[in-house]
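Step one of this worksheet: look at the structure below.
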Amino acid sequence: MSMDKHHHHQMPLTKSASRQRYNEWVFRDVPSDITIEVDGAIFSLHKFPLVSRSGRIRRLVAEHRDSDISRIELVSLPGGSESFELAAKFCYGVNFEITSSNVAQLCCVSDYLEMSEDHSKNNLGSRAEEYLDSIVCKNLEMCVEVLRQSENLLPLADELKIVSRCIDAVASKACVEQIASSFSRLEYSSSGRLHMSKQANCEGDWWIEDLSVLRIDLYQRVITAMKFRGVRPESIAASLVSYAQKELIQKSISGSKEKLVVETIVSLMPVEKFVVPLSFLFGLLRSAVMLDCNAACRLDLERRIGSQLDIATLDDILIPSFRHAGDTMFDVDTVHRILVNFSQQEGDSDDEMEDVSVFESDSPTATPSQTALFKVSKLVDNYLAEIAPDANLKLNKFIAVAETLPAHARSVHDGLYRAIDVYLKAHLTLSDPDKRRLCKSIDFQKLSQEAGAHAAQNERLPLQSIVQVLYFEQLRLRNALFCSYPDDDIKPMHQSWRINSGALSAAMSPKDNYASLRRENRELKLELARMRMRLNDLEKDHVCMKRDMQKSSSRRFMKSFSKRIGKKFNIFGHSSSRESTNSPSRHSERTDSKITDRT
């Protein structure tokens with residue numbers, strides 16, 4: 001039997017068209033004594049060859065014995081008029097090819113017409129079954145073709161086990177080919193040990209493209225069987241990507257079918273981590289949101305994305321919102337759930353690594369979990385800055401996203417501060433209590449020098465936040481002075497600023513509280529100005545000392561160095577008892593008066 005494949009379209013034949021086709025093989029010298037109608041197509045045939053092979057036609061003819069010419073309509077015949085024409089040809093003894101394109105139709109039509117061995121030996125049913133088992137089921141590509149042809153023959157093709165036999169054959173063949181491919185890659189290393197050479201992902205899995213022609217219900221059954229047989233997860237994932245691209249991108253299908261495809265593909269994804277590309281997961285999630293897929297589908301995608309969020313980009317998580325008018329431009333709720341999944345998985349990872357971290361606490365390198373947190377924190381801050389200008393974005397949603405990650409996730413709060421500042425610019429009507437609640441997310445001690453300087457002049461921030469910024473700026477300057485001259489008698493920073501700015505007395509009125517904060521603000525700014533001037537003086541003196549070291553002898557340098565250290569010993573300008581009893585030098589007086597004038 002030839003294996004040529006002929007794809008037939010099921011089109012009803014007109015009376016003339018039908019006559020032209022069957023006149024080529026029907027008896028011309030014997031008058032017709034039976035008329036068969038199938039889907040509007042008319043066949044004028046002879047009873048004897050039909051009843052000798054078909055039990056159904058024999059029974060129907062028996063019901064019309066009194067008529068000279070019988071007319072029979074075959075309703076719901078599998079495969080339509082084309083399938084009946086093949087069956088009729090077989091009854092007349094006309095040769096034709098059984099192929100993978102028509103074997104499913106022949107099996108179904110022979111069952112419908114009862115063309116079994118009970119009525120005639122070597123009947124159509126047994127011939128088609130033999131071809132299916134001995135030829136088709138040994139060839140993966142032919143099995144796929146039979147499955148495609150079976151789509152319009154359900155449920156009869158299922159009842160005759162045509163579909164199940166082909167699915168089992170496809171899964172078995174794919175698994176065997178992968179095992180054979182693995183054995184072919186076994187080789188000996190230079191040391192004489194047996195190992196497996198590297199192979200590109202899914203190399204040799206040529207069936208991936210072939211499966212993309214199947215309808216989603218049969219495709220689902222094939223992939224399920226493959227997973228059960230042990231086909232590699234990477235190959236399963238590659239097949240899912242290929243199928244989704246053809247069904248969702250290249251084809252124009254209805255929304256309901258598209259929704260079914262997305263939900264089915266998500267349910268078929270391997271459980272192994274990092275097997276399915278992250279960009280593909282985000283693409284499916286966008287489709288799931290747009291098509292309003294079921295909750296299980298969306299939550300599964302969010303969980304999978306959350307497990308590898310550290311390799312995502314800003315464009316990935318900017319998921320458009322497809323809801324009613326007046327909603328946010330981007331789907332913030334979905335991203336928030338993804339972040340919650342990421343945070344929970346990071347927490348689980350920390351718990352599992354607790355015993356190990358005890359022994360690795362001295363290691364200078366960060367754990368993968370810490371690295372992932374730092375990456376995601378930057379991603380979140382950029383995302384917040386992107387969605388902050390949205391006028392419809394509620395404060396609670398913004399804060400929820402900002403505070404999803406643990407406190408130790410951000411080593412620097414510049415990105416978060418920038419995002420909050422953008423939100424404040426876009427929401428000018430925000431009340432002072434809401435501003436304070438928003439700015440609580442920022443740890444002003446973790447701002448860089450540039451961000452801190454900007455925040456200190458930022459009138460959009462609430463007054464309490466500005467006080468905190470000024471306090472930490474003052475602390476940073478004092479630390480800089482201390483690091484420049486560690487031997488100087490610099491007193492430790494008092495905590496009164498933090499106490500005053502962070503916890504005002506409940507007995508004070510709001511007006512008094514506001515006045516107190518403004519007074520602290522002014523005092524801090526003055527103190528910062530003094531410290532900046534002193535730091536500039538110290539830097540100038542440092543330059544002079546370096547010049548003296550190069551030009552002067554060792555004795556002259558030590559003398560100059562002692563004088564300069566004496567002048568700058570009390571670095572914050574507080575006179576000691578020794579200075580009050582001994583008359584200061586004129587240069588020291590000039591320096592103090594200069595600082596006083598500047599402040």
Side-chain angles (χ1 to χ4, degrees), residues 377-378 380-390 393-480 493-506 508-532:
S377 67
K378 292 182 179 179
V380 171
D381 292 345
N382 290 333
Y383 176 75
L384 289 171
E386 193 72 24
I387 66 174
D390 193 338
L393 179 60
K394 302 300 182 184
L395 179 64
N396 290 338
K397 286 190 177 183
F398 186 91
I399 294 177
V401 174
E403 296 181 348
T404 304
L405 298 179
H408 63 276
R410 294 180 177 90
S411 57
V412 178
H413 275 224
D414 286 14
L416 181 60
Y417 165 70
R418 179 173 66 93
I420 288 177
D421 188 39
V422 173
Y423 188 88
L424 290 172
K425 284 181 183 178
H427 300 78
L428 298 176
T429 59
L430 212 61
S431 65
D432 286 339
D434 285 341
K435 287 183 179 180
R436 289 195 295 270
R437 189 157 63 94
L438 177 62
C439 292
K440 281 182 180 178
S441 304
I442 306 175
D443 186 346
F444 292 100
Q445 195 169 4
K446 291 184 178 180
L447 291 181
S448 66
Q449 186 173 356
E450 293 78 10
H454 183 277
Q457 305 296 326
N458 192 347
E459 296 180 354
R460 288 180 293 273
L461 295 178
L463 194 56
Q464 289 86 344
S465 297
I466 295 178
V467 170
Q468 292 182 46
V469 173
L470 291 171
Y471 165 76
F472 290 121
E473 280 291 288
Q474 183 189 40
L475 182 62
R476 181 183 288 113
L477 283 171
R478 293 202 179 196
N479 289 339
M493 190 70 185
H494 295 293
Q495 300 299 318
S496 59
W497 294 112
R498 182 191 296 269
I499 294 171
N500 289 341
S501 61
L504 296 172
S505 173
M508 296 175 65
S509 66
K511 183 177 180 180
D512 292 338
N513 280 342
Y514 183 76
S516 176
L517 286 171
R518 290 185 62 85
R519 185 168 55 255
E520 284 188 27
N521 195 351
R522 287 194 301 270
E523 292 172 356
L524 282 169
K525 285 185 176 180
L526 289 173
E527 181 67 16
L528 284 173
R530 294 189 189 99
M531 294 176 68
R532 287 195 179 97

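What you see is a predicted model; the values in this text were computed from it and never measured.
Across every non-hydrogen atom of Ala385 and Val422, the tightest pair is O-CG1, 4.0 Å. Minimum heavy-atom separation, Ala426 to Ala388: CB-O, 3.8 Å. Nearest heavy-atom pair across Val401 and Leu384 is CG1-CD2, 3.6 Å. Across all their heavy atoms, Leu428 and Leu424 have their closest contact at CD2-O, 3.5 Å.
Under the salt bridge (charged side-chain N to carboxylate O under 4.0 Å, His left out) criterion, Arg460 pairs with Asp421, sequence neighbours left out. Here Ala409 pairs with Leu373, Ser377, Leu405, Pro406 under the side chain to side chain contact (heavy atoms under 4.5 Å, CB included) rule; sequence neighbours left out. Residues meeting the side-chain hydrogen bond (donor to acceptor under 3.5 Å, both in side chains) test with Glu403, sequence neighbours left out: Ser441. Under the rule for a side chain to side chain contact (heavy atoms under 4.5 Å, CB included), the partners of Ala455 that lie at least two apart in sequence or sit in another chain are Tyr417, Leu447, Leu461, Val469. Here Tyr383 pairs with nothing under the side-chain hydrogen bond (donor to acceptor under 3.5 Å, both in side chains) rule; sequence neighbours left out. Scored by the salt bridge (charged side-chain N to carboxylate O under 4.0 Å, His left out) test, Asp414 finds no partners at all (sequence neighbours excluded). Take Asp390 and apply the salt bridge (charged side-chain N to carboxylate O under 4.0 Å, His left out) test, not counting sequence neighbours, and it matches no residue. In terms of the ring-ring contact (aromatic ring centres under 6.0 Å, His included) criterion, Phe444 has no residue partners (sequence neighbours excluded).
Under the side-chain hydrogen bond (donor to acceptor under 3.5 Å, both in side chains) criterion, the residue pairs touching residues 426-436 are Ser431-Asp434, with sequence neighbours excluded. Within the structure, no pair that satisfies the salt bridge (charged side-chain N to carboxylate O under 4.0 Å, His left out) test touches residues 447-457, not counting sequence neighbours.
Without hydrogens or angle criteria, Asn382 side chain to Lys378 main chain gives a donor-acceptor distance under 3.5 Å. Checked by atom type and distance alone, the side chain of Tyr423 pairs as donor or acceptor with a backbone atom of Leu393 at under 3.5 Å.
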### Query
Does the side chain to side chain contact (heavy atoms under 4.5 Å, CB included) test come out yes or no for Asn458 and Ile466, once each step is laid out?
CA-CA 8 Å; Asn458 192 347; Ile466 295 178; 5.9 Å; no
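Once rounded to the nearest 0.5 Å, the distance linking CG of Leu438 with CG of Asn396 reads 10.5 Å. The line from NZ of Lys440 to CD1 of Ile420 is 12.5 Å long, rounded to the nearest 0.5 Å.
With respect to Asp381 and Arg410, a salt bridge is recorded, a charged nitrogen being found less than 4.0 Å from a carboxylate O.
Atom NZ of Lys446 sits in a crowded spot, with more than 12 heavy atoms from other residues, nucleotides or ligands closer than 6.0 Å.
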